[in-house]
Amino acid sequence: MAPVFEYAPAPESRAIADIAPSYGLFIDGEFVEAADGKVFKTVSPSTEEVLSEVARAGSEDVDRAVKAARRAFEKWSALPGAERAKYLFRIARIIQERSRELAVLETLDNGKPIKETRDADLPLVAAHFFYYAGWADKLDHAGYGANPRPLGVAGQVIPWNFPLLMLAWKIAPALATGNTVVLKPAETTPLSALFFADICRQAGLPKGVVNILPGYGDAGAALIAHPDVNKVAFTGSTAVGKEIARTVAGTRKKVTLELGGKGANIVFDDAPIDQAVEGIVNGIFFNQGQVCCAGSRLLVQESIQEELLESLKRRLSTLRLGDPLDKNTDIGAINSEEQLTRITSLVEQGEAEGAERWSPACELPESGYWFAPTLFTNVTQAHTVARDEIFGPVLSVLTFRTPDEAVAKANNTPYGLSAGIWTEKGSRILAVANKLRAGVVWSNTFNKFDPTSPFGGYKESGFGREGGRHGLEAYLDV
């Protein structure tokens, strides 16, 4: 047998991203201190080192930012669509030019592998701005009536798992349709949003059109409740989404919520095993499983369970966990100590309930927040690991015998964000997909995203759609 060659380290230089020792809030085109002078530190999940000190927004800062956005709205919304498009195209090109810098920054602040930020996140970020730039002067033809009007000020709250990509999903359609924006990034990953603020200045975007407010949950709550915010867009946990729904109930605010998920990845007996295994790995271990639409429930047809699990375990044993800046790394760091504690607790609960836990031999770094890729077998639908969103690199394996049983088990969840189907029969793909109550259904692939395609969920996974032509509606008075 040929010897197994060890990978040589292939680290990307962190010097590419010039991180300042401190950052302010971005309000009305300028970086300013928080009104109460509060700051917080953002740390690297892979090393626990402090990356920078960031101003912490409060309710007074939210009010300042919303007022700046309201002042800017009059002129911004009056611009011809072709003029707004020029700014969006310019932002997209600058993102491309600075993509290497932004990829390193995102990896340092988030913990995900550099090959994901470099090859997935950043190309998609630029693509969303290019795509919506193309819509800016064609809104009359988007299917929402003649001369659709913008709503006003959009209050947007984004999560920590895809900081820059979630920013693009929200800011690009908002600006293309003539709205202005106040955005709050997650407190554990504020840096890429602040770098984006600098990109807005570099692109010459008029002051007040985009405002960035790093802060904690109180700042997000103040933004959502602000009486002069016309549109609320939130991506995050279902619990917070429910609280937002209660806050905006009875107001005239337009709302989109993209919340949690517990996606089913269904593998039939005629599926190409090797291809399915790659899709399973991508579905749950991409970004350490910290993905709302992760395929965290694997449903395998009973007759191929043994063969597939053997292949899957063999593949997991080849995954490389470690330095996220190393281009060979497959599994990076968990985003925060709080998230690591949650994953650990749920996994221990799964073991206590009788599910069988397995992880490949895996040496975890001494510093940082790490969790080895894990799968559970002997799982029933009653197990916590099959019901709750773990939001980590943890896969629960269940079996089925018939397509109807697969559909019933896939739909047996309060969530409805994503699903995957693996089979060589096109007719089976269509028949099963039509019965799955999920906003996105992938066939013979998983976690494929495109700016032209709408994304969103059903049930406790939220409502509304982002991306594609459908993503315009949320920012228009139709």
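- The ring-ring contact (aromatic ring centres under 6.0 Å, His included) contacts involving residues 456-478 comprise nothing, where partners must be two or more places apart or lie in separate chains.
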Residues 86-94, side-chain donor-acceptor partners within the protein, below 3.5 Å, at least two apart:
from	atom 1	to	atom 2	distance (Å)
Lys86	NZ	Glu83	OE2	3.0
Arg90	NH1	Ala203	O	2.7

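- Residues passing the ring-ring contact (aromatic ring centres under 6.0 Å, His included) test with Phe162, sequence neighbours excluded: Phe286.
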Which donor-acceptor pairs under 3.5 Å do side chains of residues 52-60 form with protein atoms, sequence neighbours excluded?
from	atom 1	to	atom 2	distance (Å)
Ser52	OG	Ala20	O	2.8
Ser52	OG	Pro21	O	3.2

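- Taking the salt bridge (charged side-chain N to carboxylate O under 4.0 Å, His left out) definition, one finds that Asp119 meets it with nothing, sequence neighbours left out.
- Cys200 pairs by the side-chain contact (heavy atoms from CB on, under 4.5 Å) definition with Phe196, Leu205, Val210, not counting sequence neighbours.
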Name every donor-acceptor pair, under 3.5 Å, that has one atom in a side chain of residues 233-245 and the other anywhere in the protein, sequence neighbours excluded.
from	atom 1	to	atom 2	distance (Å)
Thr235	OG1	Lys170	NZ	2.6
Ser237	OG	Val240	N	3.2
Thr238	OG1	Gly260	N	3.3
Thr238	OG1	Glu460	O	3.0
Lys242	NZ	Glu460	OE2	3.4
Glu243	OE1	Arg246	NE	3.4
Glu243	OE1	Arg246	NH2	3.0

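- Sequence neighbours left out, the pairs with a member in residues 167-189 that pass ring-ring contact (aromatic ring centres under 6.0 Å, His included) are His128-Trp169, Trp169-Phe455.
- At a cut-off of 3.5 Å, with distance as the only test, no side-chain donor of Asp109 or Ser192 sits close to an acceptor on the other residue.
- Contacts classified as side chain to side chain donor-acceptor pair (under 3.5 Å) and involving residues 277-289 (residues at least two apart or in different chains) are given here: Glu278-Arg315.
- The salt bridge (charged side-chain N to carboxylate O under 4.0 Å, His left out) test applied to Arg100 returns Glu12, not counting sequence neighbours.
- Partners of Ala333 by side-chain contact (heavy atoms from CB on, under 4.5 Å), not counting sequence neighbours, listed by chain and number: Pro45, Ser46, Trp370.
- Partners of Arg71 according to the salt bridge (charged side-chain N to carboxylate O under 4.0 Å, His left out) rule, which considers only residues two or more places apart in sequence or in another chain, are Asp28.
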